[in-house]
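Contents: one structure, followed by commentary.
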Amino acid sequence: MENTSIAPLLDVRNLATWFYMPKNLFSRKNDPIRAVDRVSFFINQKETLGLVGESGCGKTTLGRTILGLETPVDGEIIFSGKKIAGAGTALKAKDEKNLRKRMQVVFQDPLSSLNPRMNVMDIVTEGLLEFKMIKKKERADAARRLMGVVGLDKDAIYRFPHEFSGGQRQRINVARAISLNPKLIICDEAVSALDVSVQAQVINLFSDLREKYGLSYLFISHDLSVVSNIADRIAVMYLGRIVEQGRCEDVIFSPMHPYTRALIDAVPVAGKEKQQKMPLSGDVPSPLSPPPGCTFHPRCPKAMDVCRKTFPDVVSSGVIGEHRVACHLY
Amino acid sequence: MPLLNVENLTVRFDTDDGPLTAVDGVTFCLNAGESVGLVGESGCGKSVTALAIARLIPCPPGSIESGHVYFNDQDLLRTDIRTLKDIRGNQISMIFQEPLSALSPLLRIEDQMIEAVFFHRDMSRGDARLFVLDWLSRVGIPDPEERLSAYPYQLSGGMQQRVMIAMALMMSPDLVIADEPTTALDVTTQAQIFALLSRMVKKRAALLLITHDMGVVWETCDRVVVMYASRVVETGGLKDVFFRPAHPYTRGLLAAIPSLSRGKARLSEIPGQVPSPLAYPDGCHFMDRCRFAFDRCKNEKPALFEVGEEHMAACFLVDQKREKSRAVPQGRGA
Ligand SMILES: Nc1ncnc2c1ncn2[C@@H]1O[C@H](COP(=O)(O)OP(=O)(O)OP(=O)(O)O)[C@@H](O)[C@H]1O
Ligand SMILES: Nc1ncnc2c1ncn2[C@@H]1O[C@H](COP(=O)(O)OP(=O)(O)OP(=O)(O)O)[C@@H](O)[C@H]1O
Ligand SMILES: [Mg+2]
Ligand SMILES: [Mg+2]
């Protein structure tokens with residue numbers, strides 16, 4: 001897959017999304033929260049990129065910016081060869097609508113993203129009707145087909161969200177997301193709220209659908225174990241920046257950035273020989289006042305002088321340069 | 001003699017949708033100085049078990065229907081409330097998932113900690129302050145002197161949980177019950193807290209650790225109690241349960257967990273879903289999802305059968321195997 005000359009499905013370049021907080025007593029200056037800062041990555045057709053990082057590092061904001069729900073202050077997003085965000089982009093209403101069809105999202109909380117007053121048939125076929133892909137009388141058939149695809153009871157289409165379990169609700173969300181034959185699905189903590197025994201079912205469903213429909217995913221999760229199961233490539237985020245990205249095996253088995261190492265080390269693995277751990281000290285700093293230089297340096301066991309002053313450039317390693325890290329050690 | 005012996009504990013709740021059994025005949029024990037992991041999926045009754053041990057179930061709507069909780073041979077379910085209050089905090093302490101809900105938002109860290117000290121110990125305020133300060137630095141809080149005057153919300157989640165750990169340990173309890181102490185925290189902070197908790201608890205106290213994360217159990221505990229839909233389905237030593245799980249649910253659970261070392265192999269699924277607590281089956285609660293289920297599972301709830309030394313599973317398959325192996329020598333004799 002890595003040698004294809006076909007352009008990536010999604011190409012994000014130097015993307016920055018900042019939030020400006022209202023001035024108040026405590027912050028005289030109007031410093032922005034750099035929720036996403038100079039982020040670059042791509043996702044190929046039929047590829048899954050896993051995005052990991054700790055709470056508040058900007059994963060959701062990045063996903064929302066790609067979906068067009070936040071406006072970036074810098075950088076650009078190219079989707080299917082078309083610029084959809086960045087300087088000079090002016091999407092026509094038609095384009096915007098089309099975009100929505102080809103890019104879908106599945107969130108963490110399955111219940112709150114489903115309208116409680118709509119039955120499952122109405123929920124999963126709403127988009128199809130809106131885009132006039134089916135006629136009203138074809139609704140039930142379309143809904144039954146979608147229910148079948150996500151492994152739900154085809155006769156349950158007249159039931160309401162609250163009558164389903166968490167895992168089933170997430171399947172309803174997935175059915176709705178795939179109803180318009182999208183190219184890309186952004187999954188934001190889509191399995192995080194599910195119990196382990198049900199989580200496996202939904203992860204497998206995502207894998208099956210990718211095979212079946214040639215989907216690409218941006219799979220956002222704080223759970224490295226889940227991501228390592230589903231992602232072809234992984235990007236690791238820390239305080240708004242991607243600090244490392246590469247093929248899943250490379251990132252998991254030969255991490256380069258000290259933060260990635262710490263993150264992997266911190267994941268308890270059942271059945272693995274226990275070893276002495278060296279947990280990171282300190283907490284993730286506030287994004288309102290990030291440390292100067294490399295934002296990870298106050299917690300980094302290998303911090304050098306230069307790390308306190310300048311943010312490292314991204315360097316590539318590997319034959320095809322697909323393992324990239326932003327760290328002064330390299 | 002075990003430090004804590006939970007026998008046949010059953011807890012019910014009256015809800016708007018009808019009565020439900022949150023904890024059904026739960027039985028397990030915990031020896032002094034030992035760490036036991038209580039695992040299971042959301043709603044299986046882990047927290048209710050912990051609350052019942054400390055007799056903190058809100059009644060109504062809850063009621064402890066039956067059972068015993070022997071702590072040092074004293075049945076906590078039948079002691080008078082004064083003795084109980086003294087045991088809580090002094091000999092048994094608890095750490096909850098949300099530190100903020102356990103800390104009073106209106107009191108500075110100093111005041112809440114000192115108040116807790118005064119409740120159990122005769123000490124001057126000056127001594128108590130030094131005592132508290134010492135504990136804050138032991139749990140790795142930087143600038144403890146400064147943090148003493150902070151309000152809980154001014155501390156990060158990890159710091160709040162450290163304060164909770166200090167408060168839980170400072171009375172030198174014999175038993176610490178930690179209910180999902182790191183669920184609200186990031187992985188790197190979680191690793192810090194567990195390193196701290198293991199180090200602090202080791203040898204000093206026994207730990208009942210409630211979690212749904214099997215990896216955490218593996219790294220922290222000596223023994224495991226697995227619950228499913230209000231009942232204990234398996235208990236045993238760490239290696240027995242992880243490497244030789246006997247209950248089909250435990251097996252399914254272990255195979256369903258994505259893990260860093262497993263790579264992209266397809267996860268094995270447990271079909272179906274957890275039954276509603278309002279309508280648990282008459283027989284084995286796992287029956288509907290179990291591919292080994294047979295007639296007996298439909299009508300009878302399996303007791304805990306012995307699999308090996310200190311390894312038990314609530315499954316009729318185990319009972320069958322046991323009977324067969326017992327039957328063999330008899331057959332030979334005849
Ligand atoms: N609308 C907003 N206004 C101001 N700040 C925001 C807004 N949305 C997000 N932020 C801030 O941007 C940063 C990144 O938030 P984001 O939700 O993207 O993180 P995340 O990685 O998804 O975290 P989590 O794992 O907790 O979901 C945080 O500091 C957050 O407080
Ligand atoms: N105060 C209450 N009133 C009514 N039902 C309750 C109450 N507390 C708990 N329950 C019910 O008892 C059952 C067991 O709940 P419990 O909180 O012990 O689950 P748990 O195993 O701790 O789950 P989790 O992993 O989500 O914390 C659930 O069905 C729950 O809805
Ligand atoms: Mg998020
Ligand atoms: Mg609980």
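Quick note on labels: first sequence line is chain A, next is B, and so on, each numbered from 1. Model, not experiment: these values are computed from the prediction.
Proximity to chain B (any heavy atom under 4.5 Å) is shown, for A:L280, by both the backbone and the side chain. Looking at A:I264, the atoms closer than 4.5 Å to chain B (heavy atoms on both sides) sit in the backbone and in the side chain alike. Using a 4.5 Å cut-off between heavy atoms, B:A265 contacts chain A through its backbone alone, with no side-chain atom that close. For B:S268, the part lying near chain A is the backbone, with the side chain staying farther off; criterion is any non-hydrogen pair under 4.5 Å. Contacts between A:V284 and chain B at a heavy-atom distance below 4.5 Å involve the side chain alone, from C-beta outward. Using a 4.5 Å cut-off between heavy atoms, B:F194 does not touch chain A at all. Proximity to chain A is absent for every atom of B:P142, based on heavy atoms less than 4.5 angstrom apart. In this structure, the portion of A:I203 lying under 4.5 Å from any heavy atom of chain B is its side chain and not its backbone.
Contact tally against chain B (heavy-atom pairs below 4.5 Å) for A:L194, A:I252, A:D208: the top residue is A:D208. Of the listed residues (A:A200, A:A262, A:S197), the one with the most heavy-atom contacts under 4.5 Å to chain B is A:S197. Between chain B and the residues A:G271, A:A266, A:S281, the largest count of heavy-atom pairs under 4.5 Å involves A:G271. Contact count versus chain A (heavy atoms, under 4.5 Å) is highest, among B:G252, B:A195, B:S156, B:G43, for B:S156.
The closest side-chain heavy-atom distance from A:L224 to B:V187 is not below 4.5 Å. Between A:P268 and B:Q190, some side-chain heavy-atom pair lies under the 4.5 Å cut-off.
The distance from atom OG of A:S228 to atom NZ of B:K264, rounded to the nearest 0.5 Å, is 7.0 Å. Summarising the geometry, atom OG belonging to A:S225 is positioned 8.0 Å from atom CG belonging to B:D213; distances are rounded to the nearest 0.5 Å. With rounding to the nearest 0.5 Å, the separation of CG in A:L263 from CG in B:D186 is 9.0 Å. Rounded to the nearest 0.5 Å, atoms SG (A:C248) and CG (B:L260) are 9.0 Å apart.
The number of heavy atoms from other shown groups lying within 6.0 Å of CD (B:E310) does not exceed 12.
Nearest heavy-atom pair across A:S165 and B:Q273 is CB-NE2, 3.2 Å. Of all non-hydrogen atoms in A:A270 and B:F242, the two that sit nearest each other are CB-CE2, 3.4 Å. In this structure, B:P258 and A:N229 approach most closely via the heavy-atom pair CB-CB, 4.1 Å.
No donor-acceptor pair closer than 3.5 Å links the side chain of A:Q199 to the backbone N or O of B:A256. Not a single donor-acceptor pair under 3.5 Å links the side chain of A:N204 to the backbone N or O of B:R266. Here the side chain of A:E54 pairs a donor or acceptor atom with the backbone of B:T188 at under 3.5 angstrom.
Residues that satisfy the ring pair (Phe, Tyr, Trp, His ring centres under 6.0 Å) test with A:Y217, not counting sequence neighbours, are A:F206.
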Under 3.5 Å donor-acceptor pairs involving side-chain atoms of residues 224-238 of chain B, not counting sequence neighbours:
from, atom 1, to, atom 2, distance (Å)
B:Y228, OH, B:R289, NH1, 3.2
B:R231, NH1, B:D24, OD2, 3.2
B:R231, NH2, B:P302, O, 3.2
B:E234, OE1, B:A246, N, 3.3
B:E234, OE1, B:H247, N, 2.9
B:E234, OE1, B:T250, OG1, 2.8
B:E234, OE2, B:A246, N, 2.9
B:E234, OE2, B:H311, NE2, 2.6

